[in-house]
> 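If you scroll down you'll find the structure; I have some questions about it.
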Amino acid sequence: MTENFTNFIAGAWVAPRTGAYFENRNPADAGDVIGCFPRSGPEDVARAIESAQRGFARWSQTPAPVRGEVLHRVGDLLTQRKEEIARAMTREMGKVLAETRGDVQEGIDTAHYAHTEGRRLFGRTVPSELRHKWAMSFRRPIGLAGLITPFNFPLAIPTWKMFPALLCGNAVIFKPAEDVPHTAHLLVEILLEAGLPPEAVQLVHGEGSVVGKAMVEHPAITVISFTGSTETGAIIGATCGRMHKRLSLEMGGKNAMLVMDDADLDLALDGVLWGAFGTTGQRCTATSRLVVHEKVHDRLLKMICDRAERLRLGPGLDEKTEVGPLINEEARKKVEYYVGVGRDEGAAVLIGGERATGQGLERGWFYQPTVLGGVRAGMRVEQEEIFGPVLSVIKVGSLDEAIRINNGVKYGLSSSLYTRDVNAAFRAMHELDTGITYVNAPTIGAEAHLPFGGVKQTGNGHREGGWEVYDFYSETKVVYVDFSGKLQRAQIDTEAQIDTE
Ligand code: NAD
């Protein structure tokens, strides 16, 4: 019988008040039901918030280095259970085992980084402009953080939010994507096993338009961190703006790899295959545009088609598989739609362009790796996020043109340049309008200890990861202590501070 999973609210695993559930299926085999998960309602969210307020009162008083110790144990438990979690994640999300192992590793790295941050969480002490006056800043926890996450990094992305939020002393309410609730369940189990006070974390499953919306609209949740599509981010942003909430948005991308005529083409080939077809193209940083210098365009394109056609599709749990399925039927229909759009716009489908069938592939949401040639700047397949195994190839005559094309989209997450010319590389670093640029590496490959995020409609100026995310989850408080024993006026009594005798 299919297992009914529960929410984690008020320190206990509990059924939703709605009594309703949804099925979670394996995208490589739609007949394989992983479990049923709560289709929660606003009442469940309200209970989670009440409990999180109690959790916050206690957890925020725990010294930061001790909070860090809990996160260190979380990292150790993730290490112990890495293989089991990776397998569960592949079963529910579809990407290949090597990638889900990497996803768990990112969580481990994030936990261990957060541990050490517990002994830093620096404030600043700076000179005052007046004598006998002390000036400093320190960090305070904020309160309740609502975390809303997408399907494509079922463990890593929640940890990017949850671990720094907890390290800073906040309580968290976690709403994972509907397609990956099981990984979220395992993560919360680990937090509890590591000794996190139970009311500091709440897990509420359900639909974004119900649970996510209720979280965003609840006045007691003062911090929202969202990763997902630009469209959903806009809805959340409007509400948070109206309610004056602190908000971090990480959204879509239309990332380009630029290959110049002096590039190492074998290196670029490996990079583009990994960037475009890894995670079946469902990474926010996926290489969805290839911008190639005309002198090497035909040669590189042939090399790509030869290799991409031979990529082995299958269930991610099979170690020989190179490309897994899409997350669900809706995602596959979106890919089909965009390939149609590309054809109508005059692009050539060089390989792929069909659902993948045979050898059991019809049981899942598989789609052939697809290369669209003859794409020009401004076409919809060049501008819009497809989020699938589709690479749009654009021919250019110069680095200037390549940079212009890279920058000519509404997104700005990641970019990459293949060249042996150091001057070109440094120019591109400065001129590519993205939050991340890779040189001689594909558009993917971020590390947990550096800030991650994008510009333009990819983000709203915040970063995840690294040292910057700790600013987002803490409030800066400034303290002045005047020990002169008299009234000293800032900006006014400063002249008198110079000893001219
Ligand atoms: P999505 O926007 O459909 O869903 C993301 C989350 O938002 C889910 O948990 C969903 O339930 C919730 N949600 C949906 N409607 C909501 C609402 N009205 N109010 C509150 N919450 C709501 O995104 P997805 O399909 O899960 O993920 C794919 C998208 O995520 C792509 O656009 C991809 O580029 C983006 N992404 C961005 C990054 C990044 O760091 N920039 C990383 C990963 C994914």
Side-chain angles (χ1 to χ4, degrees), residues 22 27 37-40 42 45 92-95 103 106 146-161 173-181 183-184 203-218 221 224-240 243 245 247-255 279-288 326-328 330-332 334-335 384-388 409-414 434-436 443-444 446 448 450-466 469:
F22 63 90
F37 287 82
R39 194 184 290 279
S40 313
V45 174
E92 86 167 349
M93 188 273 168
K95 63 186 176 186
D103 195 312
E106 208 162 325
L147 314 179
I148 302 173
T149 54
F151 74 84
N152 60 344
F153 282 82
L155 189 101
I157 290 182
T159 68
W160 289 359
K161 301 181 188 305
I173 297 159
F174 172 29
K175 206 297 282 172
E178 295 90 311
D179 286 303
V180 290
T183 308
L203 171 65
V204 189
H205 293 288
E207 289 159 315
S209 56
V210 178
V211 175
K213 183 168 181 283
M215 283 165 58
V216 174
E217 289 179 351
H218 200 293
I221 299 187
I224 293 284
S225 178
F226 166 82
T227 300
S229 63
T230 297
E231 293 70 29
T232 310
I235 298 169
I236 293 175
T239 307
C240 289
M243 298 181 76
K245 290 193 183 198
L247 171 67
S248 170
L249 295 172
E250 288 296 344
M251 301 172 288
K254 189 70 185 173
N255 316 291
T279 326
T280 320
Q282 301 169 107
R283 283 187 186 231
C284 50
T285 52
T287 306
S288 60
L326 286 155
I327 187 67
N328 54 35
E330 204 187 324
R332 185 161 66 169
K334 185 176 173 195
V335 171
E384 298 175 20
E385 189 181 47
I386 301 173
F387 226 56
V409 294
K410 68 178 181 182
Y411 300 109
L413 184 53
S414 181
T434 53
I436 309 167
T443 54
I444 61 185
L450 277 92
F452 178 94
V455 303
K456 300 198 276 188
Q457 290 190 29
T458 292
N460 66 339
H462 292 292
R463 291 291 180 269
E464 304 221 84
V469 70

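Each residue takes its place number in the sequence, starting with 1. Order of listing sets the numbers, starting from 1, for every ligand and every atom in it.
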> Tell me, which protein residue and heavy-atom name are nearest atom 27 (O) of ligand 1, and how many Å apart are they?
Pro150 CB, 3.4 Å

> Can you tell me how far OG1 of Thr239 sits from CD of Glu217, rounded to the nearest 0.5 angstrom?
5.5 Å

> Examine the proximity of ligand 1 to Met251 and report which part, side chain or backbone, both or neither, has a heavy atom under 4.0 Å away.
backbone

> So, is Gly208 polar-close to ligand 1, with some N/O to N/O distance under 3.5 Å?
yes

> How far is atom 42 (C) of ligand 1 from the closest protein heavy atom, and which atom is that?
Cys284 SG, 2.9 Å

> For ligand 1, find out whether one of its N or O atoms is nearer than 3.5 Å to an N or O atom of Phe387.
no

> With atom 31 (C) of ligand 1 as the reference point, say which of Arg463, Glu385, Lys175 has the nearest heavy atom.
Glu385

> Would one find an N or O of Ser229, backbone or side chain, under 3.5 Å from an N or O of ligand 1?
yes

> Roughly how far, to the nearest 0.5 Å, is SG of Cys284 from CZ of Phe153?
6.5 Å

> In the structure I gave you, are the side-chain heavy atoms of Pro158 and Leu147 within less than 4.5 Å of one another anywhere?
no

> Could you tell me which non-hydrogen atom of Asn255 sits nearest to which non-hydrogen atom of Leu413, and how far apart they are?
OD1-CB, 3.5 Å

> Near Lys213 NZ, under 6.0 Å, is it more than 12 heavy atoms from other residues, nucleotides or ligands?
no

> Counting only heavy atoms, which portion of Phe153 has something under 4.0 Å from ligand 1: side chain, backbone, both, or neither?
neither

> Looking at ligand 1, does any of its N/O atoms fall within less than 3.5 Å of an N/O of Asn152?
no

> Tell me, with the steps shown, if Thr458 and Thr230 meet side chain to side chain contact (heavy atoms under 4.5 Å, CB included).
CA-CA 7 Å; Thr458 292; Thr230 297; 5.9 Å; no

> Counting non-hydrogen protein atoms only, what is the nearest one to atom 7 (O) of ligand 1? Give residue, atom name and distance.
Phe226 CE1, 3.2 Å

> Kindly give the heavy-atom pair with the smallest separation between Trp160 and Glu106, and that separation in Å.
CZ2-OE2, 2.7 Å

> Report, in ascending order of atom number, the atoms of ligand 1 lying under 4.0 Å from any heavy atom of Thr227.
5 (C), 36 (N), 37 (C), 38 (C), 39 (C), 40 (O), 42 (C), 43 (C), 44 (C)

> Of all heavy-atom pairs between Pro154 and Met93, which one has the smallest distance, and what is that distance?
CG-CG, 3.8 Å

> Can you name the atoms of ligand 1, numbered from 1 with element, that are less than 4.0 Å from a heavy atom of Glu178?
10 (C), 11 (O)

> Do any N/O atoms on Ile236 end up under 3.5 angstrom from N/O atoms on ligand 1?
no

> Can you tell me the protein heavy atom closest to atom 8 (C) of ligand 1 and the distance?
Thr149 O, 3.3 Å

> Below 4.0 Å, non-hydrogen atoms only: which portion of Ile157 touches ligand 1? Side chain, backbone, both or neither.
side chain

> So, taking the atom named CD in Gln282 and the one named CZ in Phe151, what distance separates them when rounded to the nearest 0.5 Å?
4.0 Å

> Heavy atoms only: which of Gly465, Gly228, Gly233 is nearest to atom 29 (C) of ligand 1?
Gly228

> Enumerate the atoms of ligand 1 whose separation from the nearest heavy atom of Gly212 is less than 4.0 angstrom.
19 (N), 20 (C), 21 (N)

> Would a 4.5 Å heavy-atom cut-off, applied to side chains only, mark Ser40 and Val210 as touching?
no

> So how far is it from Thr434 OG1 to Lys456 NZ, rounded to the nearest 0.5 Å?
9.0 Å

> Is there at least one pair of N or O atoms, one from Thr232 and one from ligand 1, spaced under 3.5 Å apart?
yes

> Please report whether atom 40 (O) of ligand 1 has a protein non-hydrogen atom at a separation of less than 4.0 Å.
yes

> What is the distance from atom CG of Leu155 to atom OG1 of Thr149, rounded to the nearest 0.5 Å?
10.0 Å

> Below a 4.0 angstrom heavy-atom separation, can you tell me which part of Leu413, side chain or backbone, both or neither, approaches ligand 1?
side chain

> Check Lys95 against Asn152 and note the closest heavy-atom contact, atom names and distance.
NZ-O, 2.8 Å

> Which distance, rounded to the nearest 0.5 Å, do you find between the NZ of Lys410 and the CE of Met251?
9.5 Å

> For ligand 1, which atoms, with element, lie under 4.0 Å from some heavy atom of Glu250?
37 (C), 39 (C), 40 (O), 41 (N)

> For ligand 1, find out whether one of its N or O atoms is nearer than 3.5 Å to an N or O atom of Thr458.
no

> What is the closest protein heavy atom to atom 12 (C) of ligand 1, and at what distance does it sit?
Ile148 CG2, 3.6 Å

